[in-house]
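Throughout, a chain's letter reflects where its sequence line sits, starting with A, and its residues are numbered from 1. The figures that follow rest on heavy atoms only: side chains count, while hydrogens, waters and symmetry mates do not.
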2 protein chains.
Amino acid sequence: MTEKHYTIKDIAKLCQVGKSTVSRVLNHDPKVNETTRKKVQTVIDSIGFKPNRSARAMRGAQDPVVGIIVSKLNSSGESQTLRAILTALYRQKITPIIVESQFNEKQVAHHLNLFKQRQVDSVIVFGFSPLSKDILQQWQGNMVVIARYFKEISCVYYDDQGAIHALMHKLHSQGYHHIGYLGIHDQDETTGRLRTQSYLDFCHRYKLPPNFSLTELNIEAGYQHCARLSLPIDALLCATTSLAVGAVKYLQEQKLMCPLAYIGQNPLLEHFVPNLISLDFGYEQAGNQAVDLLLAQIRGNRDVQQQLVSFQLS
Amino acid sequence: MTEKHYTIKDIAKLCQVGKSTVSRVLNHDPKVNETTRKKVQTVIDSIGFKPNRSARAMRGAQDPVVGIIVSKLNSSGESQTLRAILTALYRQKITPIIVESQFNEKQVAHHLNLFKQRQVDSVIVFGFSPLSKDILQQWQGNMVVIARYFKEISCVYYDDQGAIHALMHKLHSQGYHHIGYLGIHDQDETTGRLRTQSYLDFCHRYKLPPNFSLTELNIEAGYQHCARLSLPIDALLCATTSLAVGAVKYLQEQKLMCPLAYIGQNPLLEHFVPNLISLDFGYEQAGNQAVDLLLAQIRGNRDVQQQLVSFQLS
DNA sequence: CTGTTAGCGCGTTCAA
DNA sequence: TTGAACGCGCTAACAG
């Protein structure tokens with residue numbers, strides 16, 4: 001039972017018109033007689049005819065394809081951004097190709113190569129994947145990086161410093177002056193260095209005693225390092241959700257619950273901890289902005305643009 | 001700076017050979033002189049020439065496109081399955097188009113329509129999205145459903161009953177006989193009815209007193225309904241992660257920690273609850289199986305096939 | 001307004 | 001082994 005594959009030629013014959021007329025109807029060319037249009041359209045609909053995409057693409061401007069490199073499919077923040085990107089892209093009839101980097105530099109390179117072979121026009125990369133200078137250079141003007149700042153390339157990045165500042169400000173204004181900080185070490189540019197720096201800056205400016213510990217990005221590390229903070233602590237700020245989770249575990253064990261603030265979001269945490277301040281970046285907004293930048297690039301504006309994404313306290 | 005787009009014609013001229021020879025080199029046709037092949041290949045490489053995909057697709061068998069409808073991008077289980085699907089698909093040079101249904105039936109219908117327009121060959125649907133009979137019928141032979149059983153269509157589904165049974169068995173064999181159950185109401189076929197039924201069956205078979213409460217799929221509901229279980233309870237089984245989280249909160253508050261078993265996975269829970277049994281379905285396996293079924297369909301085997309996915313206790 | 005003609009870039013004959 | 005010619009399904013330019 002092989003389905004007959006119709007072409008505009010077939011439709012033309014069936015309608016007793018020329019191929020081009022069918023083509024015109026397909027492309028909503030205004031200069032076709034209403035009667036003919038009806039006739040052709042009816043046949044098209046009744047037969048369920050769809051013009052061949054490849055043939056179509058060959059002639060005119062083939063609708064663009066963008067590659068998307070996410071670092072990990074199941075990451076709450078990335079998912080939200082990805083969702084926004086996808087809907088924005090579909091609205092523009094742009095086909096996205098999604099791949100995963102798993103934070104692996106070689107994977108990124110590999111996928112970028114594949115993209116070139118597949119004639120991908122532009123790329124959106126979630127910035128936690130490492131990016132070498134030559135890749136950046138090579139895709140200059142056809143790439144948007146999300147969540148990380150690079151001065152050489154268009155990017156949409158999060159306001160890490162502002163976020164930490166806001167959280168500190170909130171705690172401070174609530175009267176807490178011994179604020180501990182659990183962070184990520186400086187190798188990690190955004191989640192690590194930037195946030196730590198911002199914490200230290202705040203302490204410095206408001207004459208607060210810095211009290212912090214830097215570690216890895218996982219729950220256990222948060223648990224361990226929470227113990228390393230010196231007392232007294234009357235509030236705790238964590239750079240990430242995982243650290244917050246680890247910290248909460250420690251604090252609970254020590255019957256030492258103090259207000260907790262962190263960057264990220266986790267429904268479970270909210271249920272376990274009464275006095276919680278969380279901060280979310282505008283993930284959706286980031287996605288939309290990234291697509292906007294990409295569209296600008298596709299349309300010829302190859303200028304490097306940087307956009308900051310704001311955040312929301314809750 | 002518009003990049004010159006090369007064609008085989010250009011390459012042919014540069015190599016002083018015919019277009020067809022270039023084409024042959026591109027397609028690894030064995031009957032070309034080694035010398036000419038070298039010559040042509042060199043030019044191709046040096047110039048970085050890639051044959052136009054659309055033109056290519058137009059002639060031969062255009063490489064297939066499959067649509068994937070996930071219900072929610074950020075769901076741990078679905079993500080894992082999706083990952084497996086993507087890698088399997090890429091290996092086959094199949095292009096996936098991913099969309100989100102958000103558990104919304106109209107969205108599913110909408111996307112399926114779009115798929116038809118885009119000449120999508122087949123579809124993989126994550127079964128939590130509702131599927132009407134006519135859709136099922138329409139895509140019969142070109143669709144694989146994941147996570148839900150339909151007798152009319154090929155699907156890869158999880159062993160809900162076996163899973164609950166296994167968890168019950170584990171608790172029971174550890175000597176617990178008052179096992180409470182927090183579940184989802186029967187409207188939900190898989191997460192709800194099937195699992196509840198399995199719990200009841202187990203109780204019946206082993207002469208255990210049933211002690212359960214059915215509710216909605218969210219943390220708060222788990223918390224509320226945990227209170228409704230009658231005492232005594234010496235172990236608790238939850239149908240889902242969210243319910244488990246809610247339950248843990250309640251149990252902690254009541255200083256009433258008992259062994260907890262649930263279907264799903266959550267790193268946080270493991271950190272808060274000492275005596276925890278969790279069960280994961282073979283999400284990756286499900287993805288791979290789904291792709292296998294799809295490939296079989298594409299290759300002409302339109303028979304409806306059902307496959308059960310096993311699970312892992314931990 | 002509409003039909004005819006000419007390609008798009010590539011794979012595939014078919015002679016040479 | 002190779003090159004020339006043809007056609008895929010479609011859009012665009014040109015006549016009518």
Side-chain angles (χ1 to χ4, degrees), chain A residues 2-44 47-65 93 95 116-121, chain B residues 2-44 47-65 93 95 116-121:
Chain A
T2 22
E3 273 199 40
K4 161 76 178 166
H5 215 225
Y6 289 94
T7 76
I8 49 170
K9 206 168 155 189
D10 300 320
I11 307 294
K13 242 176 248 161
L14 287 174
C15 299
Q16 322 207 45
V17 298
K19 294 189 307 178
S20 12
T21 305
V22 181
S23 173
R24 288 187 184 102
V25 173
L26 252 23
N27 295 308
H28 305 97
D29 190 322
K31 44 185 177 140
V32 301
N33 187 312
E34 260 316 307
T35 323
T36 350
R37 150 156 299 139
K38 283 278 184 209
K39 186 171 61 178
V40 175
Q41 190 64 54
T42 308
V43 174
I44 289 179
I47 217 168
F49 168 74
K50 303 289 173 204
N52 182 306
R53 237 172 93 78
S54 314
R56 222 169 188 189
M58 228 183 65
R59 202 55 206 99
Q62 51 188 106
D63 48 17
V65 177
K93 304 272 187 194
T95 303
K116 253 191 285 177
Q117 285 178 35
R118 289 214 168 206
Q119 305 200 151
V120 166
D121 304 272
Chain B
T2 25
E3 273 199 41
K4 160 76 178 166
H5 215 224
Y6 288 94
T7 77
I8 49 170
K9 207 170 156 187
D10 300 320
I11 307 295
K13 241 174 249 162
L14 287 175
C15 300
Q16 320 206 49
V17 299
K19 296 189 305 179
S20 6
T21 304
V22 180
S23 174
R24 288 186 184 104
V25 172
L26 252 22
N27 296 306
H28 306 97
D29 188 322
K31 44 183 180 140
V32 302
N33 188 314
E34 259 317 306
T35 322
T36 15
R37 148 156 299 138
K38 283 278 183 209
K39 185 171 60 178
V40 176
Q41 191 62 55
T42 308
V43 175
I44 289 179
I47 219 169
F49 167 75
K50 303 286 173 205
N52 182 305
R53 245 173 88 74
S54 314
R56 218 164 195 198
M58 226 183 62
R59 251 347 262 124
Q62 48 190 104
D63 47 18
V65 177
K93 304 271 187 197
T95 303
K116 254 191 283 173
Q117 287 177 33
R118 289 216 169 204
Q119 307 198 151
V120 165
D121 304 272

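Minimum atom distance to the side chain of A:Ile8 is reached by D:dC10, of the listed C:dG9, D:dT2, D:dC10. Residue B:Asn52 places its side chain closer to C:dG9 than to any other of C:dG9, D:dG9, D:dT2.
Side-chain contact between A:Arg56 and A:Leu26 is present, with heavy atoms from C-beta onward closer than 4.5 Å.
In terms of modelled atom types and a separation under 3.5 Å, the side chain of A:Asn52 and the main chain of A:Ser54 share a donor-acceptor contact. Within the 3.5 Å criterion, the main-chain N or O of A:Val25 finds no donor-acceptor partner in the side chain of A:Asp29. Side chain of B:Thr42 to backbone of B:Lys38: a donor-acceptor contact under 3.5 angstrom is found.
Listed by chain and number, the residues in a side chain to side chain contact (heavy atoms under 4.5 Å, CB included) with B:Thr7 are B:Lys9, B:Asp10 (sequence neighbours excluded).
Rounded to a whole Å, the CD atom of A:Glu34 is 15 Å from the C1' atom of C:dT2. A:Met58 has its CE atom 8 Å from the C1' atom of D:dC8, to the nearest Å. Remark: P of D:dG9 and CG of A:Asp10 are 8 Å apart, rounded to the nearest angstrom. Counting to the nearest Å, the C1' atom of C:dT4 and the NZ atom of A:Lys13 are 16 Å from each other. Rounded to whole angstrom, the span from the CD1 atom of B:Ile11 across to the P atom of D:dG3 amounts to 15 Å.
Phosphate contact (OP1/OP2 of C:dG11, side-chain N/O of B:Arg56, threshold under 4.0 Å): present. Note on B:Thr36: a side-chain N or O is less than 4.0 Å away from OP1 or OP2 of D:dT2.
Listed by residue number, the members of residues 16-31 of chain B with any heavy atom below 4.0 angstrom from DNA chain C are B:Lys19, B:Ser20, B:Ser23, B:Arg24, B:Asn27.
The structure places CD1 of B:Ile8 at 13.0 Å from CG of B:Leu14, a figure rounded to the nearest 0.5 Å.
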